[in-house]
Amino acid sequence: MASNADLSALFEEFASILEILGANKFKVIAFQKVARALDAMADDAATLAATKGALEAIEGIGASSAAKIREYVETGTIAELDELRFQVPPGLRELLGISGIGPKTISLLWKERGVTDKTTLKAKLATGELAGIKGFGEKKLQNIAEALTLAEQSAGRIRLGAALPIAEAVVERMERVPGVQRVAYAGSLRRGKETIGDVDILCASSDPPSAHAVFRSMPEIVKVLVSGDTKTSVITSRGVQIDLRTLPLASFGAALMYFTGSKEHNVRLRERAISMGYRLNEYGLFVDDGKEGPQHRGIEPVVSATEEEVFAKLGLPWVPPELREDRGELAQAMPKLIELGDLKAELHAHTRASDGSMTIDELILAAQAKGFHTVAITDHSKSSFQANGLSPERLREHIKAVHEAAARHPTMTVLAGSEVDILIDGRLDYEDELLGKLDIVVASPHASLRQETAVAMKRLLKAIEHPSVRILGHPSGRIVNGRSGLDLDVRELVAAAKEHDVALEINANPLRLDLRDSHVKAAMEGGALLAINCDSHERDNLDLARYGVLTGRRGWLTAERCVNTWDRERLRRWLKRG
DNA sequence: GCCGTTTTCGGCCCGACTGTTTTCAGTCG
């Protein structure tokens, strides 16, 4: 069975081989776009392949790519790709991932000096064999050597939960630099992506050199990659790349749009600008006079100061950053997305009874401090013995303890619940009689997370159909940058959740973010309810909610469809089924 | 390779920084 991820990887491979071979760059971009489309889509491409025209209907996938997908689904191979693989040493592809080394460089290293992978590159750098290639000076070779070392030390794509605090700290530091008028982080971080390649910081300043100097001298910097009048890139001791861009305050809005991206979204915007007789860049929206670089020719932009103005001049409403992925955000009416302040309940939290560090009372107070009206105590069930899951006897005691604690906090609605393991065959981890005593059941998969899709779906659907279950917790069990978890048939999951009035959780812990953004979009399209829960284990874990909200917003989530935003009575009625 | 209320062919976003190039190519985002 060909998963979307498999197919996406094949098209990535197509693109990278063609790139090294020096094929038409637009063809390369087209294949990369197909790879992204496959990765982001909720439907199963292999299933769509059976329906005539279904693949071709997807933006970015044309007749040629559709045929390749069908060929792979039917034969398990793509003849054209097999042929290409013969033409390029497989080890060259990994060199493409090294920052600063591109396809042209790789091609020359290969053809002129027989470099075939990282190992031969390193060896030939050491022996000096690479000298004398046309266009390769001493500095360039030195940069290649450093890039290779940096790639080995690089943290790769880091999780949202790691990147956001780094960015906020840099923003705070830059705000104190004399001459600085405004600072913001941009890039995929501002879009709330689950992993971040590098941190982009924008800075409006009357004294850019000072801003760059301060930025370069931050204590955690181990290497300055580039530094010019408007751009400095550095690497921190933890292997994270941070880029600083300085710009005039007057163009802050245009720059914020430009550097927030995504790339595809920007391309769409610029195409739109062209069709309206404009030229859009990071300095503003200009009347197009057919010549490049209007900002260098003393031409004033039509608009540039704020994002709202630029969008408006392009005939568009302001688009929330989380939606800027070229997934229809410029073409269709956007909903009012959920906001952090909309959350009024935490429905998945652990205490010392299982593997949390807070007492029941501490958890209630933490929820109260967030302005919530409801908190659910949902410790682990017995099969999660690694998490000190509760035996039926302990759970009965715990329910009593929760009720007693609830009496001490009369303004809060405190629910006695459980995060019940969904066992390997879909049965729940407690008897129905005991489940019936709970105010809320969050059913979650914790073990056997490598099941085939069909088996996993049967398991999850059985849990959804159980009359006690109200929330399906972290449905896939994936760990961002860790394990892929269950390969869900999201459409099927969403349909079942809707039918049985079960909310699908967006687990806000940045390690999980499960459901992920594209799954949330599918849930929104399919009419299911969602829940944003912090899965609190430690003090301050309720602060993780923002990552769940970002993920929800990326999936076009509205407050109305998220049960955590409902008022106390509505939530209570929903929990008391029927 | 993809796409189309100007196009089924001819486009396909735009600028900064670096190195080695005396006018630009490669790379990045």
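So you know, we letter chains A, B, ... as the sequences are listed, proteins then strands, and number each from 1. Note that the structure is a prediction, hence the values are computed from the model and not measured.
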inquiry  = Counting C-beta onward and ignoring hydrogens, is there a side-chain heavy-atom pair between Leu247(A) and Thr230(A) closer than 4.5 Å?
reply    = no
key: Presence of Arg245(A) side-chain N/O under 4.0 Å of dG15(B) phosphate oxygens OP1/OP2   = no
task = Would you mind telling me which of dT20(B), dG15(B), dG29(B) lies closest to the side-chain atoms of Gln241(A)?
result = dG29(B)
request  = Check each residue of residues 15-26 of chain A for a non-hydrogen atom within less than 4.0 Å of any atom in DNA chain B, then write out the ones that pass by number, or none.
outcome  = Asn24(A), Phe26(A)
query = Rounded to the nearest Å, what distance is computed from the CG atom of residue Leu225(A) to the C1' atom of nucleotide dT18(B)?
reply = 12 Å
query = When we call it a touch if two heavy atoms are under 4.0 Å apart, what does Leu269(A) touch: a base, just sugar-phosphate, or nothing?
reply = nothing
message = Counting only side-chain nitrogens and oxygens, does Thr105(A) get under 4.0 Å of the OP1 or OP2 atom of dT27(B)?
response = yes
ask   = In residues 53-63 of chain A, what residues come within less than 4.0 Å of DNA chain B, judged by heavy atoms?
value = Glu59(A), Gly60(A), Ile61(A), Gly62(A), Ala63(A)
key: Contact under 4.0 Å: Ser233(A) side-chain N or O vs dC17(B) OP1/OP2   = no
ask   = According to the Watson-Crick and G-U wobble definitions, with both distances under 3.5 Å, which nucleotide is paired to dT8(B)?
value = none
task = Classify the side chain of Tyr258(A) versus the base of dG29(B) as yes if they form a donor-acceptor pair under 3.5 Å and no if they do not.
result = yes
message = Regarding Lys263(A), tell me which of base, sugar-phosphate or nothing describes its non-hydrogen contacts under 4.0 Å with the strands shown.
response = base
query = Only one of Arg478(A), Arg554(A), Arg159(A) clears salt bridge (charged side-chain N to carboxylate O under 4.0 Å, His left out) with Glu194(A); which?
reply = Arg478(A)
